[in-house]
Amino acid sequence: MSLKSERRGIHVDQSELLCKKGCGYYGNPAWQGFCSKCWREEYHKARQKQIQEDWELAERLQREEEEAFASSQSSQGAQSLTFSKFEEKKTNEKTRKVTTVKKFFSASSRVGSKKEIQEAKAPSPSINRQTSIETDRVSKEFIEFLKTFHKTGQEIYKQTKMFLEAMHYKRDLSIEEQSECTQDFYQNVAERMQTRGKVPPERVEKIMDQIEKYIMTRLYKYVFCPETTDDEKKDLAIQKRIRALHWVTPQMLCVPVNEEISEVSDMVVKAITDIIEMDSKRVPRDKLACITKCSKHIFNAIKITKNEPASADDFLPTLIYIVLKGNPPRLQSNIQYITRFCNPSRLMTGEDGYYFTNLCCAVAFIEKLDAQSLNLSQEDFDRYMSGQTSPRKQESENWSPDACLGVKQMYKNLDLLSQLNERQERIMSEAKKLEKDLIEWTDGIAKEVQDIVEKYPLEIKPPNQSLAAIDSENVENDKLPPPLQPQVYAG
């Protein structure tokens, strides 16, 4: 293992975090490097292109079918009237088929009308069922919040209820289409409040947060890690990958954090707790808040260790280390859930968007982590990954004067772990010996007791007759003088 202390290949430029289209917003690996706005534009272009190609294909196939039929019937002039009626029927059928194709490939972001909802054969929406305690609490908070906006609040509540009813009938759609419907709803509500309601931007943001909390609390169990996606498969893959990298140390990643400082150690524990707690939240904004709190604890840990403000080059390696150490549950599902259903303005700008983008970069780095990234030989990296061995410890007298202090500390800790392991094995051996001695002592005592019982058997004699009264044989009790009475003598 090389002991070079220079920074390894964990470096992300600030420009690499931004949208690759150059709009200035934060990009996301889940959106192929685009921001939410540019990704939707590219998605719509690709979708419209696919719809156009499918339309042209349907037109061409229909035309070829009509030409083939017309050529086979051209010789039958006597049946011209029948053929005209057939043409009319085929034209109507063509219109119906093309409409069906168009409807199938069209974007399903438009909320269905009340008539369509009433005519649907699905059962009544689940939002009318008895809700859970949390859902009921969030609903009450949402209604109380909207009461302060009077007429605007009533309109927002009406739109939100209609959206939830429409989403109930769209559960059979792909998760991408449901995500698009939700993003369209966010955008339409925000634009309507700004243009019609003349609501200030800061109040629009607060309202959108409450709307997101209300609708996503109700939709969570249907859209988080759905069975129609491979989110669960990705979760298992990243968990397996992180477990295989358990041997990676902070020194290998050049993490500028000294966990021997008690305050720094507390910050690391809090950061791990926050990133794990993300899975327990239902609302995308709450999950983002966990990521933000985790990141702030990381910055504080770096600041205390270095006694100076942390930089972006220090933050990303430390975030990677926290993810490796914490191994958060359902990591990919949570990232995908935030990407699909969070208010896009939060992911495009602000500290939430910055920290979330860094988390996506950290996960991507872990998936592609190799020997070069850790400054190891490929042979050592393969052996560590297979579990054949772990990083070797080095004797203190063999260190060069300019060796990295962090690497020295790593090997010191490994030596302590080795000593603790030997001590534990010794204690286990003594415990097993004590257990054996106790069993032998118990058996010996039982044997001695049995021998004594056999040598001196216990004889149980019948009870003696009861003793008679002392004066039972005296038949002249009535002739006895009375007992002496005490007498008092004067003087």
Side-chain angles (χ1 to χ4, degrees), residues 17-19 23-43 109 134 138 142 156 159-160 163-164 167 170 174-191 193 201-202 204-226 229 231 234-235 274-275 277-295 328 330-364:
L17 300 178
L18 301 177
C19 176
C23 63
Y25 296 123
Y26 290 120
N28 192 319
W31 293 326
Q32 300 179 5
F34 293 104
C35 67
S36 174
K37 181 181 178 181
C38 297
W39 166 249
R40 294 188 69 200
E41 292 176 356
E42 295 295 324
Y43 179 78
S109 59
E134 181 180 2
V138 171
F142 183 62
I156 292 172
Q159 294 176 19
T160 307
F163 169 75
L164 288 174
M167 286 296 291
K170 294 184 178 182
S174 67
I175 195 64
E176 286 77 15
E177 290 178 310
Q178 296 184 57
S179 170
E180 187 179 352
C181 293
T182 307
Q183 299 295 333
D184 284 340
F185 174 72
Y186 288 151
Q187 183 177 355
N188 293 335
V189 172
E191 290 179 354
M193 284 191 292
E202 60 273 7
V204 170
E205 184 177 354
K206 292 182 180 179
I207 295 173
M208 293 305 301
D209 289 343
Q210 292 296 324
I211 291 175
E212 176 188 313
K213 182 178 181 180
Y214 176 68
I215 65 175
M216 295 316 303
T217 301
R218 290 173 171 267
L219 297 178
Y220 174 80
K221 61 182 179 181
Y222 304 111
V223 298
F224 181 83
C225 192
T229 65
D231 292 351
K234 292 180 179 179
D235 289 335
D274 288 331
I275 198 69
E277 189 181 359
M278 173 179 63
D279 185 59
S280 65
K281 305 298 181 182
R282 287 191 172 194
V283 184
R285 180 171 61 91
D286 293 342
K287 293 181 181 291
L288 275 180
C290 291
I291 298 173
T292 300
K293 288 193 296 183
C294 168
S295 302
R330 300 192 291 186
L331 182 57
Q332 287 287 6
S333 291
N334 282 288
I335 290 177
Q336 292 295 330
Y337 177 69
I338 295 172
T339 301
R340 292 165 182 158
F341 296 101
C342 184
N343 187 352
S345 62
R346 283 193 169 274
L347 301 183
M348 293 162 59
T349 57
E351 62 178 7
D352 288 344
Y354 173 76
Y355 295 139
F356 179 70
T357 304
N358 274 275
L359 177 62
C360 295
C361 292
V363 174

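Because only heavy atoms are used, hydrogens play no part in the values below, and waters and symmetry mates are left out as well, while side chains stay in.
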Taking all non-hydrogen atoms of both residues, which atom of Ile335 and which atom of Cys360 are closest, and how far apart? CG2-SG, 3.9 Å
Asp231 with Arg330: basic N within carboxylate O range, under 4.0 Å: no
Indicate the ring-plane relationship of Tyr214 and Phe142, choosing parallel, tilted or perpendicular according to the 30° and 60° boundaries. parallel
Do the ring planes of Tyr337 and Tyr220 sit parallel (below 30°), tilted (30 to 60°) or perpendicular (above 60°)? perpendicular
Between CD1 on residue Ile291 and CG on residue Asn358, distance to nearest 0.5 Å: 10.5 Å
Could you tell me the separation between the OG atom of Ser345 and the OH atom of Tyr186, rounded to the nearest 0.5 Å? 10.0 Å
Do you know which two heavy atoms are closest between Ile211 and Val189, and how far apart they sit? CD1-CG1, 3.7 Å
Tell me whether Asp286 contacts the main-chain N or O of Arg282 through its side chain, where contact means a donor paired with an acceptor under 3.5 Å. no
Would you mind reporting whether Val283 and Val138 have side-chain heavy atoms less than 4.5 Å apart? no
Between Asn343, Thr357, Thr292, which is the residue that forms a side-chain hydrogen bond (donor to acceptor under 3.5 Å, both in side chains) with Asp352? Thr292
Going from CG on Asp235 to OG on Ser333, what distance comes out if it is rounded to the nearest 0.5 angstrom? 3.5 Å
Between Glu212 and Pro284, the two heavy atoms sitting closest are OE2-CB, 3.4 Å
Taking all heavy atoms of Cys225 and all of Thr229, pick out the closest pair and write down the distance. C-OG1, 4.5 Å
Are the side chains of Lys234 and Leu331 in contact, using a 4.5 Å heavy-atom criterion? no
Picking from Glu351, Met208, Arg285, what satisfies side-chain contact (heavy atoms from CB on, under 4.5 Å) with Arg346? Arg285
Measure the CD1-SG distance between Ile338 and Cys290 for me, rounded to the nearest 0.5 Å. 9.0 Å
Evaluate Phe224 against Leu219 for side chain to side chain contact (heavy atoms under 4.5 Å, CB included), listing each step before the verdict. CA-CA 8 Å; Phe224 181 83; Leu219 297 178; over 6 Å; no
Taking only residues two or more places apart in sequence or in another chain, which ones pass side chain to side chain contact (heavy atoms under 4.5 Å, CB included) with Ser179? Gln183, Arg340, Phe341
Taking salt bridge (charged side-chain N to carboxylate O under 4.0 Å, His left out) as the definition, give me every residue that meets it alongside Lys213, ordered by chain and number, with sequence neighbours left out. Glu141
Between Lys281 and Lys287, what is the shortest heavy-atom contact and its length? O-NZ, 2.7 Å
Compare every heavy atom of Ile275 with every heavy atom of Cys294, then report the nearest pair and how far apart it is. SG-CB, 4.1 Å
Main-chain N/O of Ser174 paired with Glu177 side-chain donor or acceptor, under 3.5 Å: yes
To the nearest 0.5 angstrom, please state how far the CE atom of Met193 sits from the CD1 atom of Ile207. 4.5 Å
Looking at CD of Glu180 and NZ of Lys170, how far apart are the two atoms once the value is rounded to the nearest 0.5 Å? 9.5 Å
Between Met278 and Leu288, is any pair of side-chain heavy atoms under 4.5 Å apart? no
